[in-house]
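Chain identifiers are assigned alphabetically (A, B, ...) following the order of the sequence lines, protein sequences preceding nucleic acid strands; residue numbering begins at 1 within each chain. These numbers come from a predicted model, not from an experiment.
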Amino acid sequence: MVVRTRLAPSPTGAPHLGSAYAALFNRAFAHQHGGQFILRIEDTDKARSSDASESAILEALRWLGLDWDEGPIVGGPKGPYRQSERISTYEQHIQKLCKLEGAFHCFCTKERLDQIRRQQMLEGKVPKYDGLCLSLSESEVEARLEQGVPHVIRLRVPDEGTCQFTDGVRGEIEIPWSQVDMQVLIKSDGFPTYHFASTVDDHLMEISHVFRGEEWISSYPKHQLVYKYFDWKMPQHYHLPLLRNVDQSKMSKRRNATSINYYRRCGYLPEALLNYLATMGWSMPEEREKFSLEEFYAKFDPNRLSSRGPVFDTEKLSWLNGLYIRELSHDELKRRIYDWAFGENRLDALLTLVQERSERFDDLFRQADYILGDRSALDSQQFDHKSVSQQDCLRILDFADRRFESIEEWDREILYSALKTLSEAMSLKFRDFLFPLFVAIAGRSVALPLFDSLVLLGSDVTRVRLRSAIQTLGGISKKQRKILDREWQGLSRE
RNA sequence: GUCCCCUUCGUCUAGUGGCCCAGGACACUGGGUUUUCAUCCCAGCAACAGGGGUUCGACUCCCCUAGGGGACGCCA
């Protein structure tokens, strides 16, 4: 059998460490079996997907050296590899699935669905679709479709019995069908949901093995059902443990840097990051902790995968990274550091800023310290200001962070107008508004121009520094968060 | 709340019934090398969640409890 694996990221944000983690195992398994590793872009969420995010993901995977054998840019025989370009395929398949009685049209309104969900929650039941439209006759369905009544297409799910399957990592798993919702397969905009697009594509792209995160276990029954209705062979699934925050919760950017770009910007080497990731939930037979990608491909064995979610420990990652840095040849080190510090025209942009403010060459390092490296640690007194209270600083930092969340293109002018607008909405003098941001970003209130600095640092480092500054100011309690949420909503409306 | 998954040092892990009064690594502590620092070397600290079984024997198998996590969207 030809082994074909895939990574199926959705381009809805910064490239996530979890994607690199899954890519690593999928690619290792395919390559050690002489198969192919496919990259498929799951951009079926029109509202959240973006081209910028897609290219960021491709770039991040390239940086890590996790190239794909088939997918965007490189192409391949099973393309296109972007789901938004495969809509007609899903249309054909959903028609077939309806004929096979594996799916049905549903005309229920959002209001009705919200209401039954609330009711079910109240009764302590599993919130799920009640099957109302299942009783519609064929002619009724036809009539409503002709009238153009908005609708979705849902998966037909057995109401009793259990779904059984074998997870490559955990063994036998059973989930009662009563727990499984009649999942929407086709949304009212005609686009497929993940559950449908992904199963159809895995089949058509002849995927044989899937390594994906544990959070998918509970939707496995839905996927299995689609395969059964079509009478397709299902790939072997391995559910990887979830990377965790220090507090054991699923790794999230609220508490941790999850963007691959953050680690890149901080000066981690791709080979070290990958090596570290490979030791999360997996170990070499002889327990060696430092090994190359090639060695990993040679030794990888899914039987050694563990199911316990590992804490992503940057301290140990740094130790490993140090090992890699110290063994670089002098020339290689020179090249890597240059690329890291000044690659992609960073030096040009930086020199222009510094030149205007320079009297001697050594001014470069004094002024650019927080751009080239980490800013100094903060203490709360640095946020003392004659007209901005620390509470205001906290609000400004939090709101700026929220604003940055939705900025797609990390561009000087866009950032400027976003913050300018925000300061006006908060009725603050722009000058005062910028004060805490300077401290948070540069570690001091006087520094190189803020917006140029933000661009040079990138969104990930910027936001990590913002959040770290918020912690310095005592953090935000749950109660405060609620108040800020409300205020933020008010600001956004205006 | 319901279902599912997980549970060895603070953290990553080894361990697939006797090799384990549990081994390695990070972190931490102490010492050595080094003009400082770092590296490097040596030593130390520290864990089988709890309770029942099964067995001659349980970290390993079964059950229960507790704790942690995940899922429950026209997001993926």
Asker: Between A14(B) and C48(B), how far apart are the C1' atoms? Round to whole Å, please.
Answerer: 12 Å
Asker: Look at D374(A) together with R465(A) and state whether they make a salt bridge at an N to O cut-off of under 4.0 Å.
Answerer: yes
Asker: Under the 3.5 Å rule, do the base of A25(B) and the side chain of K316(A) count as making a donor-acceptor pair?
Answerer: yes
Asker: With nearest nucleotides of RNA chain B determined for R244(A) and G281(A) from heavy-atom distances, which residue corresponds to the more 5′ nucleotide?
Answerer: G281(A)
Asker: Could you tell me how far U29(B) sits from A38(B) if I compare only their P atoms? Round to whole Å.
Answerer: 11 Å
Asker: Mind checking if M280(A) touches a base, just sugar-phosphate, or nothing, with heavy atoms under 4.0 Å?
Answerer: sugar-phosphate
Asker: What is the distance, to the nearest angstrom, from the CZ atom on R170(A) to the P atom on G69(B)?
Answerer: 16 Å
Asker: Is U7(B) paired to anything, Watson-Crick or G-U wobble with both distances less than 3.5 Å, and if yes, which nucleotide?
Answerer: A66(B)
Asker: Measure the shortest side-chain to side-chain distance between Y90(A) and Q83(A) over non-hydrogen atoms and say whether it is less than 4.5 angstrom.
Answerer: yes
Asker: For G68(B) versus C21(B), give the span between their P atoms, rounded off to a whole number of Å.
Answerer: 32 Å
Asker: If pairing requires Watson-Crick or G-U wobble contacts with both distances under 3.5 Å, which nucleotide is the partner of G1(B)?
Answerer: C72(B)
Asker: In the strands shown, is U55(B) matched to any nucleotide by a Watson-Crick or G-U wobble pair with both distances under 3.5 Å, and which?
Answerer: none
Asker: With heavy atoms under 4.0 Å as the rule, sort G213(A) into base, sugar-phosphate or nothing.
Answerer: nothing
Asker: Is it true that R481(A) and D398(A) make a salt bridge, defined as a side-chain N closer than 4.0 Å to a carboxylate O?
Answerer: yes
Asker: Is the shortest distance from a Lys or Arg side-chain nitrogen in D130(A) or R112(A) to a carboxylate oxygen in the other one below 4.0 Å?
Answerer: yes
Asker: To the nearest Å, how far apart are I173(A) CD1 and C6(B) C1'?
Answerer: 11 Å
Asker: Rounded to whole Å, please give me the gap between CZ in F312(A) and C1' in G69(B).
Answerer: 19 Å
Asker: Does the structure show a Watson-Crick or G-U wobble partner for C19(B), both distances under 3.5 Å? Name it, or say none.
Answerer: none
Asker: Mind checking who C37(B) pairs with, Watson-Crick or G-U wobble, both distances under 3.5 Å?
Answerer: none
Asker: Thinking salt bridges, do E405(A) and R402(A) make one under a 4.0 Å N-O criterion?
Answerer: no
Asker: Hey, is D313(A) close enough to K316(A) for a salt bridge, meaning N to O under 4.0 Å?
Answerer: no
Asker: G10(B) and A71(B): how far apart are their C1' atoms, nearest whole angstrom?
Answerer: 29 Å
Asker: Touch check for E315(A), heavy atoms < 4.0 angstrom, all strands: base, sugar-phosphate only, or nothing?
Answerer: sugar-phosphate
Asker: Measure from the side-chain heavy atoms of P176(A) and tell me the nearest of U11(B), C3(B), C40(B).
Answerer: C3(B)
Asker: Round to a whole Å and report the spacing from CD of E286(A) to P of U13(B).
Answerer: 17 Å
Asker: Taking only the P atom of each, what is the distance from G23(B) to A46(B) in whole angstrom?
Answerer: 12 Å
Asker: Indicate yes or no: does R444(A) engage D369(A) in a salt bridge with an N to O separation below 4.0 Å.
Answerer: yes
Asker: Considering only heavy atoms from C-beta outward, does the side chain of R86(A) approach that of V200(A) to under 4.5 Å?
Answerer: no
Asker: Using the C1' atom as the reference point in each nucleotide, state the distance between G15(B) and C74(B) in Å, no decimals.
Answerer: 48 Å
Asker: Between F230(A) and H203(A), does the ring centroid distance fall short of 6.0 Å?
Answerer: no
Asker: Between G18(B) and C9(B), how far is it from one C1' atom to the other, in whole Å?
Answerer: 24 Å
Asker: Using a heavy-atom cut-off of 4.0 Å across all strands, would you classify R304(A) as base, sugar-phosphate, or nothing?
Answerer: sugar-phosphate
Asker: To the nearest Å, how far apart are Q248(A) CD and G10(B) C1'?
Answerer: 11 Å
Asker: Would you kindly give the CZ-to-C1' distance between F165(A) and C3(B), to the nearest whole Å?
Answerer: 12 Å
Asker: Once you apply a heavy-atom cut-off of 4.0 Å, does E174(A) come out as touching a base, just sugar-phosphate, or nothing?
Answerer: sugar-phosphate
Asker: Report the base-pairing partner of A43(B) (Watson-Crick or G-U wobble, both distances below 3.5 angstrom), or none.
Answerer: U29(B)
Asker: Can you check the distance between C28(B) and C19(B), where both ends of the measurement are the P atom (answer in whole Å)?
Answerer: 34 Å
Asker: Quick one: which protein N/O atoms are closer than 3.5 Å to N/O atoms of nucleotides 72-76 of chain B? Pair and distance per line, please.
Answerer:
| residue | atom | partner | partner atom | Å |
| --- | --- | --- | --- | --- |
| C72(B) | O2' | P127(A) | O | 3.3 |
| G73(B) | OP2 | R117(A) | NE | 3.4 |
| C74(B) | O2 | S188(A) | N | 2.7 |
| C74(B) | O2 | S188(A) | OG | 2.7 |
| C74(B) | N3 | S188(A) | OG | 3.1 |
| C75(B) | OP2 | K187(A) | NZ | 2.8 |
| C75(B) | O2' | D45(A) | OD2 | 2.9 |
| C75(B) | O2' | R48(A) | NH2 | 2.9 |
| C75(B) | O2 | R48(A) | NH2 | 3.1 |
| A76(B) | OP1 | T44(A) | OG1 | 2.9 |
| A76(B) | OP1 | K187(A) | NZ | 2.9 |
| A76(B) | OP2 | Y194(A) | N | 3.2 |
| A76(B) | O2' | S10(A) | OG | 3.1 |

Asker: Rounded to whole Å, how long is the line connecting atom CG of L320(A) with atom C1' of U11(B)?
Answerer: 14 Å
Asker: NA contact type, E289(A), heavy-atom cut-off 4.0 Å: base, sugar-phosphate, or nothing?
Answerer: base
Asker: Check whether any side-chain heavy atom of L66(A) sits under 4.5 Å from a side-chain heavy atom of L39(A), and report yes or no.
Answerer: no
Asker: Whole-Å distance between U39(B) C1' and K290(A) NZ?
Answerer: 15 Å
